[in-house]
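Quick note: numbers below take in every heavy atom, side chains included, and nothing from hydrogens, waters or symmetry partners.
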Amino acid sequence: MAADTQVIVVGAGPVGLMLAGELRLGGAQVVVLERRSTPTTESRASTLHARTMEIFDSRGLLLGLGEPPNEPRGHFGGIPMDLTLPSTRPGQWKVPQFRTEQLLQEWAVALGADVRRSWEVLELTDHGDSVEVTAAHPGGTSRVRGAYLVACDGEDSTVRALTGAEFPGQPTGRELLRADVVGVDIPGRRFERLEHGLAVAARNPEGVTRVMVHEFGGTAQPRTAEPEFGEVVDVWKRVVGEDLSSGKPIWVNSFGDANHQLSAYRTGRVLFAGDAAHQQMPIGGQALNLGLQDAVNLGWKLAIQVRHGSADDLLDSYHDERHAVGERVLANIRAQALLLLGGPEVEPLRTLMAELMTAEPTRATLAGMISGLDVRYPVGEGAHPLLGARLPDLAVTTPEGSVSSSTALLRTGRGLLLDFTGDWTASLRLIAEPWADRVSVLSAEWGSGTPPEGTGAVLVRPDGHTAWAESAQAVPLTSALRRWFGPPRHRPEQRHRPEQPSEG
């Protein structure tokens with residue numbers, strides 16, 4: 001079937017817009033369908049972690065955020081801890097979700113994404129060679145066809161319901177009430193555990209106070225709508241003893257400890273990202289950051305698939321890589337929910353965890369997990385320490401002789417083949433020439449510190465993770481290029497292979 005577009009993205013929240021921008025950066029046509037008529041004005045998730053900030057830098061998006069507040073300290077289950085790790089953007093950064101969404105929409109639209117608001121998906125059919133949706137909009141009902149569809153439509157995903165995708169996990173048992181309020185003057189509280197419950201209160205520079213409250217022993221009931229502010233006032237009074245009734249709510253919601261994950265992030269030509277793929281309590285901003293990183297992992301792969309016809313295993317790697325990451329994050333969130341919302345019975349465990357977190361290996365492990373800086377993908381054979389890990393920001397020399405950085409060069413959405421010897425660039429360029437439309441070959445300087453042994457050359461994916469490193473155990477470079485960047489643009493000619501760098 002002829003397609004109206006190459007990729008349909010359902011949902012114009014931060015994850016869907018991040019994906020749309022990534023797809024356009026890779027040259028794919030994309031239509032975004034969003035049932036809301038206007039972007040959100042709610043702060044919602046307000047934390048961007050170090051890895052997400054690094055990714056935003058690699059797409060040239062940091063300038064649009066201005067100078068958001070940076071906080072090196074975070075928490076694990078309400079127990080304070082330092083999140084600082086080696087990174088160009090360590091700690092956590094406070095950006096209201098509406099600003100993140102606005103920034104990503106401006107970026108995606110500037111790149112050519114077609115964002116259609118007030119379009120609600122009603123039906124979906126996977127024809128095997130294309131996907132077709134029927135959507136209602138102010139002008140009536142229309143069909144849109146694409147080569148692939150990606151559901152980024154949240155934890156109550158319409159696409160997930162239409163496809164019947166398996167979404168196993170645990171339902172909500174406990175919940176936190178949350179509200180942004182003006183006109184109240186109450187003490188700040190950071191995960192303060194009181195006799196009857198948990199309370200959080202933090203005032204931002206604009207004078208808006210965010211309150212969150214959980215009453216110990218309470219059982220969450222299924223909700224068909226967001227709670228009324230009066231419910232927050234009542235629970236806050238019982239737990240804290242303060243009266244919020246004089247305040248004016250800007251936004252009220254609740255979130256529970258439900259924990260679900262799709263069995264498969266891809267079914268035929270339908271894929272899932274963000275909360276459509278996994279539902280978790282949004283503790284410490286991990287939910288938003290996990291979803292944004294899903295989008296960055298998938299975008300360049302799907303663009304290569306629709307533009308160059310790569311083998312299916314490239315798209316399958318999206319599930320393989322991100323399902324494992326999501327499973328680990330959801331496990332740490334379940335543990336945090338127990339520490340955070342459990343009553344007096346969890347105090348011995350909290351005391352033990354607080355003591356363990358003073359040990360640097362434990363702190364660094366938890367900080368890496370929360371920030372996303374520890375993500376390492378199983379990209380293939382070989383034991384090189386850089387394989388699958390994110391590449392540090394490095395100095396790179398362009399063919400014109402100017403010096404840039406690896407992060408800045410990723411803004412094109414291309415892969416990087418970096419020569420650290422200073423001698424192999426011409427040979428590498430010869431080997432990679434059939435992929436020259438997708439991969440740049442450049443000389444690089446490691447900078448401070450010592451590179452891992454055997455780091456003569458590396459192949460970096462558009463998401464900043466290393467896909468190949470020159471070593472005795474490495475697969476041939478041409479195999480890695482084909483695996484991660486699709487078929488060559490023409491059949492490579494039989495040429496004399498240079499002795500260096502080794503292709504195996």
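In this structure a side-chain-to-backbone donor-acceptor pair under 3.5 Å is present from H214 to L341. Using a distance-only test at 3.5 Å, with no hydrogens or angles considered, no donor-acceptor pair links the side chain of R193 to the main chain of G197. With hydrogens and angles disregarded, a donor-acceptor distance shorter than 3.5 Å links the side chain of R266 to the backbone of G268. Put simply, the side chain of R24 gets close to the backbone of L111: a donor and an acceptor are under 3.5 Å apart. Side chain of Y377 to backbone of A467: no donor-acceptor contact under 3.5 angstrom is found.
Taking CD from Q92 and OG from S46, the interatomic distance works out to 8.5 Å, rounded to the nearest 0.5 Å. Atom CH2 of W484 is separated from atom NE2 of H465 by 11.0 Å, given to the nearest 0.5 angstrom. Taking CD of E242 as the reference point, atom CH2 of W236 lies at 6.0 Å (rounded to 0.5 Å). One distance of note links CZ of R461 with OG of S317; it measures 6.0 Å at 0.5 Å rounding. To the nearest 0.5 Å, atoms CG (L410) and CZ (R59) are separated by 6.0 Å. Rounding to the nearest 0.5 angstrom, the gap separating the CZ atom in R322 from the CG atom in L298 is 10.5 Å.
Pairing each heavy atom of A12 with each of V32, the nearest pair is CB-CG1, 3.9 Å. The two residues F272 and A165 have their closest heavy-atom pair at CZ-CB, 4.2 Å. In this structure, L17 and E101 approach most closely via the heavy-atom pair CD1-O, 3.5 Å. When every heavy atom of G299 is checked against every heavy atom of E22, the shortest pair comes out as CA-CB, 3.9 Å. Considering all non-hydrogen atoms of both residues, G256 and M281 come closest at O-CG, 3.3 Å. A pairwise comparison of heavy atoms in A151 and A276 identifies O-CB, 3.6 Å as the closest pair.
Remark: E347 CD is packed, more than 12 non-hydrogen atoms of other residues, nucleotides or ligands lying under 6.0 Å away. Summarising the local packing, CD of E71 is surrounded by more than 12 heavy atoms from other residues, nucleotides or ligands at distances under 6.0 Å. The environment of CD in E166 is sparse: at most 12 heavy-atom neighbours from other residues, nucleotides or ligands sit within 6.0 Å. Within a 6.0 Å sphere centred on CD of E355, heavy atoms belonging to other residues, nucleotides or ligands number 12 at most. Counted within 6.0 Å of CZ on R35, heavy atoms from surrounding residues, nucleotides or ligands total 12 or fewer; the atom is thus considered open. Annotation: L352, atom CG; neighbour count of heavy atoms from other residues, nucleotides and ligands within 6.0 Å is above 12. For E195, the CD atom counts as loosely surrounded, since its 6.0 Å shell holds 12 or fewer non-hydrogen atoms of other residues, nucleotides or ligands.
The ring pair (Phe, Tyr, Trp, His ring centres under 6.0 Å) pairs that include a residue from residues 70-113 are H75-F191, where partners are two or more places apart or lie in different chains.
When V9, V121, V159, V15 are each tested for a side-chain contact (heavy atoms from CB on, under 4.5 Å) with D153, only one passes: V159.
For the residue pair N289 / Q293, no side-chain donor-acceptor distance below 3.5 Å is found, with atom types taken as modelled. One side chain, N259 or R334, offers a donor N or O that lies under 3.5 Å from an acceptor on the other.
Aromatic ring orientation, H137 versus W119: parallel (interplanar angle below 30°, classes split at 30° and 60°).
Ion pairing between a basic and an acidic side chain is recognised when a charged N comes within 4.0 Å of a carboxylate O; R390 and D463 show no such pairing. With salt bridges taken as basic N to acidic carboxylate O contacts below 4.0 Å, one links R210 and D180.
Taking the ring centre of F167 as origin, the terminal cationic atom of R160 falls inside the region bounded by 6.0 Å and 45° from the ring axis.
Evaluation of the salt bridge (Lys or Arg N to Asp or Glu O under 4.0 Å) rule for R174 yields D257 as partners, not counting sequence neighbours.
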